[in-house]
Amino acid sequence: MMMADIIGAINASSIIAIVTHINPDGDAIGSSLALMHAIKNKGKEVQVYCQDDIPQTFDFLAGVKNIRKPELIQNTKYDLVIALDCSDMDRMGSCNTIFNRSERSANIDHHISNTRYAQINIVDGKAAATGEIIFELIKKLINFKDKNIARALYTSIVSDTGRFAFSNTTSRTHRVVAELLDWGADQVEISNQLFKNYSLEWVQLLGYAINSLETFHHGRIAVISITLDMMESAGADERHIEGIIQYAKDIKDIELAILLREVNPQTTKASLRSSSIIDVSSMAMEFGGGGHKRAAGCTLNTPLIEAKKSLLGAAINYL
Ligand code: 5GP
Ligand code: MN
């Protein structure tokens, strides 16, 4: 599937929906807003939907307040729906109603585990962020430099590359980002907004998380366990989990980091990160999840303690 197919579909549509994944991150929000601005510039009607609340961290991005919950769709039928950063249809949560009802569908993503669930699928596993693919698309849609698009895409890429330090960062990533700076993105301002803006809840949760740290397999696997009690004591919610796993992953000699979060006493969400050997995308797929080689996740319908045993059992086969 080529870029020309999605451009043709956008040009042929007059009312377009963009949907992105549950618990939205910088890439989900940044790539959606950037594409929204570009499509608006073409004189078309466009609406971004996300099942979950947008973290306040992203309030500085133009258009963020226009993102709606899918419940507010009423009966609008879209000519085209574009799913961004969703590796499968489960990732869009209740946005699937909009997806299923639209005349045509597209899926733009950078997860190797992507299931190609749309009519038009543009999946580039080498792109560091969905925003990196969206930049290529936007340059074919509009022929001027837009500062709001640049800020949104910079947010997308700086988030998914861990500030250009993860192994997904390529020379293409840096070339795209160089252009975004030329388009008017201010990297100091954006980094201050995204990374020097900790909420007290996040720091308090980090404290509990670090106290829960355990290591296994001769110090090569690190596990952080976040219980409902910890979340409550910190006044935190699932949005405050972001970034915590990195503290486990960055310990010297750790190959695999696992962050377990008790969603409820019978459900555990796992985040997986690897340094250089384990393909955590395949590991997560064993449990019905997915993601990338070095960052993936899954949800287990078992208590946290059981989830820990299952994941450690599976991990041994990869080391
Ligand atoms: P995180 O651990 O930050 O939630 O997610 C890391 C990566 O794994 C993200 O790219 C995300 O898309 C993917 N991921 C996390 N949880 C799931 C899941 O339950 N299913 C799938 N397919 N991907 C997931
Ligand atoms: Mn992404």
Side-chain angles (χ1 to χ4, degrees), residues 18-35 50-52 55 58 83-93 96 107-117 122-135 152-162 164 166-170 173 176 209 222-226 237-249 256-261 263 267-274 278-302 307 311:
I18 295 170
V19 302
T20 193
H21 61 76
I22 55 176
N23 301 326
D25 57 12
D27 189 25
I29 297 159
S31 57
S32 297
L33 290 176
L35 186 57
C50 182
Q51 175 197 286
D52 293 324
F58 300 103
L84 297 184
D85 207 37
C86 294
S87 53
D88 58 55
M89 284 204 57
D90 284 349
R91 295 286 295 155
M92 59 181 87
N96 67 353
N107 152 31
I108 305 179
D109 184 35
H110 68 129
H111 293 89
I112 43 171
S113 60
N114 190 288
T115 58
R116 273 95 174 156
Y117 49 85
I122 299 183
V123 179
D124 179 357
K126 291 203 169 72
T130 296
E132 206 174 292
I133 311 169
I134 292 300
F135 186 60
L153 290 181
Y154 189 95
T155 297
S156 141
I157 297 170
V158 78
S159 302
D160 261 24
T161 58
F164 313 111
F166 295 160
S167 58
N168 58 359
T169 310
T170 63
T173 311
V176 167
V223 178
I224 283 177
S225 303
I226 297 181
D237 59 43
E238 70 277 359
R239 290 170 296 178
H240 296 107
I241 303 289
E242 182 87 30
I244 289 181
I245 194 171
Q246 207 61 28
Y247 288 86
K249 209 220 103 195
L256 173 67
I258 303 175
L259 183 145
L260 300 168
R261 177 169 67 87
V263 178
T267 312
T268 307
K269 165 86 175 93
S271 289
L272 309 173
R273 301 290 184 272
S274 70
I278 299 185
D279 178 347
V280 287
S281 167
S282 342
M283 193 177 147
M285 277 157 91
E286 283 187 35
F287 298 91
H292 312 276
K293 248 183 164 161
R294 302 277 163 257
C298 52
T299 297
L300 291 84
N301 295 316
T302 55
L311 287 162

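Any value given below was found using the heavy atoms of this structure, including those in side chains, with hydrogens, waters and symmetry copies removed. Whatever order the structure lists ligands and atoms in, that order sets their numbers, starting from 1.
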Does His21 come within less than 4.0 angstrom of ligand 1, counting non-hydrogen atoms of the residue?
-> no

How about Asp27: does one of its N, O or S atoms come closer than 2.8 Å to the Mn ion (ligand 2)?
-> yes

Can you tell me if His110 has an N, O or S atom under 2.8 Å away from the Mn ion (ligand 2)?
-> yes

List for me each residue that meets salt bridge (charged side-chain N to carboxylate O under 4.0 Å, His left out) alongside Asp279, sequence neighbours excluded, and say none if there are none.
-> none

Do any nitrogen or oxygen atoms of His111 lie less than 3.5 angstrom from nitrogen or oxygen atoms of ligand 1?
-> yes

Please write down residue, atom name and distance for the protein heavy atom closest to atom 7 (C) of ligand 1.
-> Ala295 O, 3.6 Å

Does at least one non-hydrogen atom of Ser113 fall below 4.0 angstrom from an atom of ligand 1?
-> no

Is the His292 ring parallel, tilted or perpendicular to the His111 ring (thresholds 30°, 60°)?
-> parallel

Flag Asp109 as yes if one of its N/O/S atoms falls below 2.8 Å of the Mn ion (ligand 2), otherwise no.
-> no

Return the option from Asp25, Ile258, Asp88, Leu300 holding the heavy atom at the smallest distance from atom 22 (N) of ligand 1.
-> Asp88

Whether Lys269 lies under 4.0 Å from ligand 1, heavy atom = yes

Considering only the protein, which heavy-atom contact is closest to atom 18 (C) of ligand 1, and what is its distance?
-> Gly297 O, 3.4 Å

Checking distances from the Mn ion (ligand 2), one finds that the N, O or S atom of Asp85 closest to it is OD1

